[in-house]
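Heads up: the structure comes next, in structure tokens.
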Amino acid sequence: MMNSQPNSIAELMQRANDMAGVSLGDIANEHQLNVPDNLKRDKGWIGQLIEMELGATAGSKPQQDFLHLGVELKTIPIDQSGRPIETTYVTVAPLTNIQGLTWENSVVFHKLQQVLWIPVQGDRSIPVANRKIGTPVLWSPNPEQLTALQQDWEEIMEMIALGQVEKVTARHGEALQLRPKAANSHSLTESIAENGLIKLSNPRGFYLKINFTHQILTNAFG
DNA sequence: GGTTGATCATAA
DNA sequence: TTATGATCAACC
């Protein structure tokens, strides 16, 4: 059962606030869904469940989840102290046809304009069904965060443009990092070669580092 | 214990 | 294959 699209940010936030303190098992029951014992084979299960509850538009378009509201939805697993357990996937990294692409025109920039963070207990010792949803955070990057993101993005994209995508490791970047994003390490997609022509590389995605998302949550909760 | 590179499910 | 939703698990 997919809930209807929220018509305003206020409506979206009301739904999000109503989920706070509720367990994943309770939400799943509302939608008559079974809860997996673990997430090994259901890595996106929590995200999909929350999308359903909040009425996000299903689909795999490279756009915000609530395009009409200008809001991207992200669930984020946190430990007992409220620190994110995992990095946050943002989007696939473009590896070709990037001449003239600017930060302001990038998918990363657009998706991070406004994000609704839904913290969820992520400690693996807690059964998935018992994990509780936390207080939502509607976030937009402040000037400092925006600058940090832009610097990382531009540095990484320059490497890609120069045919150096394989030389970019997850250690690059303070806020944003580039990592594999594929079915496996053998997946291939077109990328720019050092001679400017096309070569094949493992697909990459942009991720927000934990320290960065931790700061977002910390700022929101004082 | 935190991070990096690898991986899983699914839709179009 | 590429996009979505992410977490797993080996490694330092």
Side-chain angles (χ1 to χ4, degrees), chain A residues 2 24 27-28 31 33-67 71-98 106-108 110-112 115-129 131 133 152 156 159-160 165-191 198-215:
Chain A
M2 165 74 74
L24 297 179
I27 302 290
H31 299 275
L33 291 175
N34 293 320
V35 182
D37 290 333
N38 60 64
L39 302 180
K40 288 183 183 180
R41 308 217 128 185
D42 297 271
K43 297 182 179 180
W45 187 81
I46 296 176
Q48 306 256 284
L49 181 71
I50 301 301
E51 278 189 350
M52 212 175 276
E53 180 68 11
L54 294 179
T57 310
S60 55
K61 298 180 288 289
Q63 299 175 338
Q64 291 155 314
D65 294 287
F66 301 97
L67 193 56
V71 174
E72 170 74 8
L73 174 66
K74 291 292 177 195
T75 60
I76 184 165
I78 56 172
D79 65 17
Q80 294 180 42
S81 67
R83 183 181 191 273
I85 293 175
E86 294 288 349
T87 55
T88 302
Y89 170 68
V90 180
T91 187
V92 166
L95 303 183
T96 58
N97 302 115
I98 57 176
S106 71
V107 176
V108 174
H110 283 289
K111 283 205 174 183
L112 297 184
V115 178
L116 176 57
W117 297 95
I118 308 291
V120 177
Q121 290 181 323
D123 191 321
R124 291 188 209 174
S125 68
I126 307 173
V128 177
R131 297 183 193 176
I133 300 168
D152 290 343
I156 291 168
M159 296 282 283
I160 292 174
V165 63
E166 277 81 10
K167 292 188 176 177
V168 181
T169 73
R171 282 164 281 266
H172 277 84
E174 295 296 320
L176 199 64
Q177 65 180 180
L178 194 74
R179 303 222 306 280
K181 171 62 175 173
N184 56 57
S185 61
H186 304 301
S187 299
L188 294 174
T189 192
E190 291 188 342
S191 66
I198 295 297
K199 65 177 174 182
L200 295 176
S201 303
N202 189 224
R204 309 301 165 104
F206 282 111
Y207 296 77
L208 295 177
K209 300 182 93 170
I210 288 177
N211 284 345
F212 186 79
T213 53
H214 190 195
Q215 175 196 115

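Note that these values count all heavy atoms, side chains included, but never hydrogens, waters or copies made by symmetry. Given the structure is predicted, the values throughout are model-derived calculations rather than measurements. All chains are named by letter (A, B, ...) in the order of the sequence lines, taking the proteins before the strands, and each is independently numbered beginning at 1.
Closest-nucleotide positions on DNA chain C for A:Lys61 and A:Ile46 were compared, and the one nearer the 5' end corresponds to A:Lys61.
When heavy atoms are screened at a 4.0 angstrom cut-off, A:Pro77 is found touching the sugar-phosphate backbone but no base atom. Heavy atoms of A:Glu190 sit nowhere under 4.0 angstrom from any nucleic acid atom. Using a 4.0 Å heavy-atom distance criterion, A:Gly44 is classed as a base contact. Residue A:Ser187 is out of contact with every strand shown, counting any heavy-atom pair closer than 4.0 Å. Note on A:Arg204: nothing from the nucleic acid sits closer than 4.0 angstrom, heavy atoms only.
Taking CG from A:Leu67 and NE2 from A:His110, the interatomic distance works out to 11.0 Å, rounded to the nearest 0.5 Å.
We find that CG of A:Leu39 is positioned 16 Å from C1' of B:dT10, with the value rounded to whole Å. Note: NZ (A:Lys74) to C1' (C:dT4) measures 9 Å, nearest angstrom. Here B:dC8 presents its P atom at 7 Å from CG of A:Asn184, a figure rounded to the nearest Å. When rounded to the nearest whole Å, the span between CD1 of A:Ile118 and P of C:dG5 equals 13 Å. For the pair A:Asp79 CG and C:dT7 P, the computed distance is 13 Å after rounding to whole Å. Across the protein-nucleic acid pair, A:Phe212 atom CZ and B:dG2 atom P stand 20 Å apart, rounded to whole Å. Between A:Asn38 atom CG and C:dT7 atom C1' the separation is 10 Å, expressed in whole Å. Nucleotide B:dA6 holds its P atom 17 Å from the OH atom of A:Tyr89, rounded to whole Å.
Contact annotation: A:Arg171 side-chain N/O to B:dG5 OP1/OP2 distance is under 4.0 Å. For A:Lys111, a side-chain nitrogen or oxygen approaches OP1 or OP2 of C:dT4 to under 4.0 Å.
The base of B:dT7 sits within donor-acceptor range of the side chain of A:Lys43, with an N or O pair under 3.5 Å.
Side chains of A:Arg179 and A:Thr87: a donor-acceptor N/O pair is present below 3.5 angstrom, by distance only. At a cut-off of 3.5 Å, with distance as the only test, a side-chain donor of A:His31 or A:Glu53 sits close to an acceptor on the other residue.
Between A:Lys43 and A:Glu86 there is no salt bridge, since no side-chain nitrogen of the basic residue lies less than 4.0 Å from a carboxylate oxygen of the acidic one.
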